[in-house]
Novice: 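My questions will all concern the structure given below.
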Amino acid sequence: MTVVAFAEKNKAAEEIAKILGSGSYSQTRVDGAAVYKFKRDGEDWLITGLAGHIMGYDYPEEYNRWNEVDPGVLLDVDPQKFVTKENLANAIEKLSKNAHLIILACDYDREGENIGFEAKELAERVSTAPIKRARYSSFSKAEIEKAFDHPGEPDTNLAMAAETRQILDLKMGAAFTRYVTLSVREKAYTKEVLSIGPCQTPTCGFVYDREKAIREFKPKDFWKILADFDTNEDTPTEMIETDGADGKTKPKRTKKAESDTQFQGTHRSGQISEKEKADEIFKQIKGERKAVVDKKSVKEQSLAPPVPLNTTEFLKRASSFLNISPEKSLEIAEQLYLSGFTSYPRTETNMYAPDFEFMPILSDLIKNPSYSKTIEQLIRETGGKVVPKNGPKDAKDHPPIYPIRGATQSDVEKVVSLPGAYPVYDLICRHFIANLMPPAVFEKTKLDIKIKDELFDVTGSMKKSSGWLSIYDYETKKDKMLPQMEEGDVLFVKKIQNMSSKTAPPKKLMESELLTLMDKNGIGTKATAPTHIETNKKRGYFETSGKTISILDKGYMLMESLDTAVPIVIRPEIRSQIENLIQDVEDGKITMNDALLKGTTLIKTMYGDLTANKDRLVQKLAGSIKSEAAESDKKNYVGVCPVCGNALRLITTDNGRFVGCVGYPDCSQTYPVPKTGALTFLRSKKCPKGGVAVMDVGKKYNWAVGVGPCFNCDQKDVCDPPETVGTCPKCKDGQMVLVRLSDNRFLSCSKKCGHTQSIPKTGRLTVLDKKCDVCGWNLFKNKEADKEEIEFCANRRCRAIGLKNEQQKDNP
DNA sequence: GCAAGGTC
């Protein structure tokens with residue numbers, strides 16, 4: 001008898017061989033796949049690990065020419081299943097040929113069942129042996145033995161549920177992606193693909209929603225009354241009472257008081273939206289010098305350690321604590337796992353099994369000197385009986401992420417060379433230890449302080465015992481200390497402010513928040529969330545800088561148009577509607593065919609809404625793609641079209657040149673430019689008359705696009721204020737102005753009385769704000785190459801500072 | 001060239 005089993009991955013296959021073979025097993029290779037051999041109850045066993053799915057869906061060849069197939073047709077065509085990993089498919093067939101019993105042993109979940117069915121389909125081509133299913137959710141000896149000694153039947157519904165998802169996801173993704181991409185290409189030249197999918201699009205939708213809230217945010221005025229108190233009357237402090245009557249008092253939160261007798265309180269009303277009300281309160285207490293502690297309460301507050309890490313929580317923490325992207329973190333965790341440093345990184349479970357053994361791991365982690373003291377103390381205090389603070393979720397998949405063995409930084413870096421490997425390992429270790437430690441305890445003090453009859457709130461916080469925070473210092477908060485006070489104590493008011501401020505817009509979305517949103521709304525799985533984020537980045541829909549996400553123009557335009565045409569596509573509901581159908585298949589409530597029919601109808605309805613809004617969609621997207629190309633073409637980029645918001649660019653044809661909008665032909669905005677002279681855009685210059693850009697023409701004069709030449713503009717002095725130096729010594733009426741020509745420079749009277757005066761011809765010359773003490777002219781600064789910078793008075797009739805007489809003379 | 005899901 002030969003038993004052949006298929007696990008979902010190599011590591012699992014080896015683990016199972018180890019347990020069922022009672023530690024004795026050998027390894028061979030079949031078509032490159034590692035096969036583990038052992039004997040059990042006199043029978044020969046062979047187990048191999050697959051590598052996830054070995055098959056995938058795609059459209060038949062004849063539908064792959066995008067330009068020849070109406071994307072809507074894809075909704076009526078059935079995708080076909082193809083083998084995607086030939087070598088594993090071959091290995092499965094070879095192994096199955098001689099098997100008397102085949103056991104599907106992939107992960108105990110929907111995809112695992114489906115992967116098992118892929119192996120089943122291949123095995124059935126060459127074998128008639130019975131095919132069974134081993135179900136286990138951990139690698140404990142008892143569970144594995146039970147699963148393999150009494151295997152059950154494969155679950156068709158479960159496997160078909162995954163099948164349904166694959167087909168519906170592909171249909172929707174392919175039809176929508178092709179339709180949008182091809183429509184945009186009718187108007188804008190681009191090779192890019194504008195992809196849409198039931199996970200990636202809602203992911204982008206979360207970013208869009210936040211961005212929209214920021215863009216549409218209207219700040220509201222509010223007032224806040226702050227008081228600075230001191231327990232000590234003599235502390236020298238500035239006594240300022242700011243009257244917010246002008247409503248313009250800038251928010252000026254007093255820095256943490258220098259002296260430890262000082263602190264700040266906020267009026268009980270908090271943010272006051274009516275100015276009159278704030279003014280009224282302020283009037284009541286303005287000028288008061290004394291306050292009384294009306295009430296004091298002290299409470300202990302304890303902060304429990306974090307629950308064990310599952311994948312989502314791990315990715316969130318790696319992003320916010322270590323600034324490592326979810327995709328990178330998962331890759332690092334995978335490597336740490338394969339190298340035996342940490343456990344399997346893809347898990348939803350955040351509680352330990354009741355028989356989980358902590359002590360061997362803790363003892364091993366002592367190797368790392370950064371943990372040794374904490375662990376020794378923990379063991380001492382608990383007598384070795386540590387208790388985890390478990391989370392609520394047992395998905396029966398894998399244990400939480402925890403360290404398998406202790407290692408120092410160099411131990412880790414020798415094996416895993418990815419940047420961030422040690423910080424990630426360190427986070428996993430610290431999290432593991434922190435979870436077993438006592439809570440952190442804070443003492444929170446709350447004071448009610450009265451100035452006359454007005455109440456002010458003051459809070460203070462002091463860490464009494466660090467607990468788990470001592471090893472988990474990723475986000476330590478500073479203590480907010482208060483001086484010792486009791487009820488009835490008299491305090492001295494050092495300052496009262498009636499502060500005017502504005503409500504702040506929402507903050508940009510953090511990557512960790514996005515992961516939370518995806519998790520909560522069932523977008524993607526623990527293992528795919530990072531991929532969906534990457535897909536959006538790759539498509540140019542949003543970008544991340546550090547931990548924060550910013551939407552890009554293309555993403556915003558795509559979401560905005562989808563939001564008006566088919567709003568459901570950018571919301572999580574698109575996923576949950578399909579998920580509901582899949583769940584019904586899994587529960588045996590409907591057949592896979594019915595689910596596909598219903599799902600396809602749903603997609604068709606959405607597709608109809610999409611095509612009905614083609615014009616709007618295309619206009620926005622084509623414009624944003626052309627603008628993107630124009631902006632990257634720096635030499636010809638002019639600015640933003642005031643008519644349609646797309647980019648304006650310099651267009652040169654055989655007949656001449658002009659500035660035109662990339663939105664053409666939908667937008668036909670154009671501007672003339674001078675016929676001759678090299679054009680250079682002066683990006684830092686802004687035209688006060690609304691010109692869309694200012695450019696230099698042949699180094700001779702400036703030209704504002706949409707306005708005309710700058711030399712006869714009435715705003716000339718605004719853009720190019722004359723550099724005046726001082727009163728003209730001849731007519732005593734005009735100002736001496738610095739005239740800079742391309743080959744000369746001198747001073748000349750602004751009233752054109754004829755007086756001129758020479759100045760040094762070489763060097764970098766600047767008119768300073770400083771004046772000459774003697775004559776009142778502005779001083780000059782000049783820096784010639786290889787010479788000291790000099791400061792001087794240029795007035796020939798003064799020369800009090802800097803220059804020698806012979807260096808300057810009056811011009812005739 | 002389209003999706004999402006496994007995993008290396």
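In this text, all values refer to a predicted model and were calculated from it rather than measured experimentally. Per chain, numbering begins at 1; letters A, B, ... match sequence-line order.
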Novice: If the cut-off is 4.0 Å, is A:H532 near the phosphate of B:dG5, judged by side-chain N/O to OP1 or OP2?
Specialist: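 Answer is yes, contact under 4.0 Å.
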
Novice: Has A:T181 got a side-chain N or O lying under 4.0 Å from the OP1 or OP2 atom of B:dG1?
Specialist: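 No, outside the criterion.
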
Novice: Given B:dT7, B:dA4, B:dG1, which nucleotide is nearest the side-chain atoms of A:C199?
Specialist: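 Out of B:dT7, B:dA4, B:dG1, the nucleotide with an atom closest to A:C199's side chain is B:dA4.
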
Novice: Would you please confirm or rule out a distance under 4.0 Å between OP1 or OP2 of B:dG5 and any side-chain N or O of A:T531?
Specialist: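 Looking at the OP1 and OP2 atoms of B:dG5, neither is under 4.0 Å from any side-chain N or O of A:T531.
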
Novice: Below 4.0 angstrom, N of the basic side chain to O of the carboxylate: do A:K94 and A:D31 qualify?
Specialist: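 Salt bridge: yes.
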
Novice: Is a side-chain donor or acceptor of A:S127 paired with a backbone partner of A:A129 at a separation under 3.5 angstrom?
Specialist: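 Indeed, once roles are kept as given, a pair shorter than 3.5 Å links the two residues.
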
Novice: Under a 4.0 Å threshold between the charged nitrogen and the carboxylate oxygen, would A:E153 count as salt-bridged to A:R133?
Specialist: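 A salt bridge is absent here (no side-chain N lies under 4.0 Å from a carboxylate O).
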
Novice: When you compare the side chains of A:E511 and A:T544, does any donor N or O come within less than 3.5 Å of an acceptor on the partner?
Specialist: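 Absent: no donor and acceptor within the cut-off.
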
Novice: Side chain of A:Q200 only, heavy atoms from C-beta on: which candidate in B:dA4, B:dC2, B:dG5 is closest?
Specialist: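 The answer is B:dA4.
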
Novice: Is the distance between the ring centroids of A:Y208 and A:Y556 under 6.0 Å?
Specialist: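 Centroid separation for A:Y208 and A:Y556: below 6.0 Å.
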
Novice: From CG of A:L182 over to C1' of B:dC2, roughly how many Å is that when rounded to an integer?
Specialist: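 It works out to 10 Å between those atoms.
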
Novice: Under 4.0 angstrom, heavy atoms only, what part of the nucleic acid is A:Y344 near: base, sugar-phosphate, or nothing?
Specialist: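 Counting heavy atoms under 4.0 Å across all strands, the contact made by A:Y344 is with sugar-phosphate only.
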
Novice: Quick one: A:Y179 OH to B:dG1 C1', roughly how many Å, whole number?
Specialist: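 Taking OH of A:Y179 and C1' of B:dG1, I get 19 Å after rounding.
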
Novice: Check every strand shown and say whether A:R165 touches a base, only sugar-phosphate, or nothing at a heavy-atom separation below 4.0 Å.
Specialist: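 Base, at least one base atom sits under 4.0 Å.
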
Novice: Below 3.5 Å, does any donor atom in the side chain of A:N10 face an acceptor in the base of B:dC8, or the other way round?
Specialist: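 A donor-acceptor contact between them is absent.
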
Novice: Ignoring hydrogens and geometry beyond distance, is a side-chain donor-acceptor pair present between A:Y36 and A:N10 at under 3.5 Å?
Specialist: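 There is such a pair between these side chains.
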
Novice: Where the side chain of A:D169 is concerned, which of B:dG1, B:dA3, B:dC2 is the nearest nucleotide?
Specialist: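 Within the option list, the nearest is B:dA3.
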
Novice: May I ask you to evaluate whether A:T528 reaches the phosphate of B:dG5, defined as a side-chain N or O under 4.0 Å from OP1 or OP2?
Specialist: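 It does, given that an N or O in the side chain of A:T528 lies less than 4.0 Å from OP1 or OP2 of B:dG5.
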
Novice: Using heavy-atom distances to pick each residue's nearest nucleotide on DNA chain B, tell me which of A:I115 and A:T535 is more 5'.
Specialist: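 Closest to the 5' end, via its nearest nucleotide, is A:T535.
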
Novice: Just to be sure I understand the rule, does A:L338 reach a base, reach only the sugar-phosphate, or reach nothing, if contact means heavy atoms closer than 4.0 Å?
Specialist: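 It contacts sugar-phosphate atoms only.
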
Novice: Looking only at side-chain atoms of A:P198, point me to the closest of B:dG1, B:dA3, B:dG5.
Specialist: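 The answer is B:dA3.
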
Novice: Regarding A:D107, tell me which of base, sugar-phosphate or nothing describes its non-hydrogen contacts under 4.0 Å with the strands shown.
Specialist: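 Touches sugar-phosphate only.
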
Novice: Roughly how many Å is it from NZ in A:K538 to P in B:dA4, rounded to a whole number?
Specialist: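 Taking atom P of B:dA4 as the reference, NZ of A:K538 is at 11 Å.
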
Novice: Base, sugar-phosphate or nothing for A:I196? Non-hydrogen atoms, less than 4.0 Å.
Specialist: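 A:I196: backbone/sugar contact only, no base atoms under 4.0 Å.
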
Novice: Does the side chain of A:R346 get closer than 4.0 angstrom to OP1 or OP2 of B:dT7 through an N or O atom?
Specialist: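 The answer is yes; a side-chain N or O of A:R346 sits under 4.0 Å from OP1 or OP2.
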
Novice: How is A:G49 classified with respect to the nucleic acid when contacts are heavy atoms under 4.0 Å: base, sugar-phosphate, or nothing?
Specialist: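 Here A:G49 touches no strand at all.
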
Novice: Can you check the A:E534 CD to B:dA3 P distance for me, whole Å?
Specialist: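 Whole-Å distance recorded here is 15 Å.
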
Novice: Is there a side-chain contact between A:R539 and the phosphate of B:dA3, meaning an N or O under 4.0 Å from OP1 or OP2?
Specialist: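 Yes, such a contact exists.
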
Novice: For a quick check of understanding: with a heavy-atom distance under 4.0 Å over all strands, which category does A:Q166 fall into, base, sugar-phosphate or nothing?
Specialist: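 Touches a base.
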
Novice: Rounded to whole angstroms, how far apart are NZ on A:K85 and P on B:dT7?
Specialist: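 Checked: the NZ to P distance equals 10 Å.
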
Novice: From the options B:dC2, B:dC8, B:dA4, select the nucleotide whose nearest atom is closest to the side chain of A:N64.
Specialist: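 Minimum distance to the A:N64 side chain belongs to B:dC2.
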
Novice: 5'-most contact on DNA chain B: A:Y57 or A:Y337, nearest heavy atom basis?
Specialist: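 Residue closer to the 5' terminus by nearest nucleotide: A:Y57.
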
Novice: Just how far, in rounded Å, is P of B:dT7 from CZ of A:F6?
Specialist: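 Between P of B:dT7 and CZ of A:F6: 17 Å.
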
Novice: Would you indicate what A:F176 reaches in the nucleic acid, counting non-hydrogen atoms under 4.0 angstrom: base, sugar-phosphate, or nothing?
Specialist: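 Nothing, no heavy atom under 4.0 Å.
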
Novice: Between A:D76 and A:K604, is there a side-chain N and carboxylate O pair less than 4.0 Å apart?
Specialist: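 Yes, this pair counts.
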
Novice: Please state how far atom CD in A:E111 lies from atom P in B:dA4, giving the value in whole angstrom units.
Specialist: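 These atoms are roughly 13 Å apart.
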
Novice: Starting the side chain at C-beta, find the nucleotide from B:dT7, B:dG5, B:dC2 nearest to A:H53.
Specialist: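 Among the listed nucleotides, the one closest to the side chain of A:H53 is B:dG5.
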
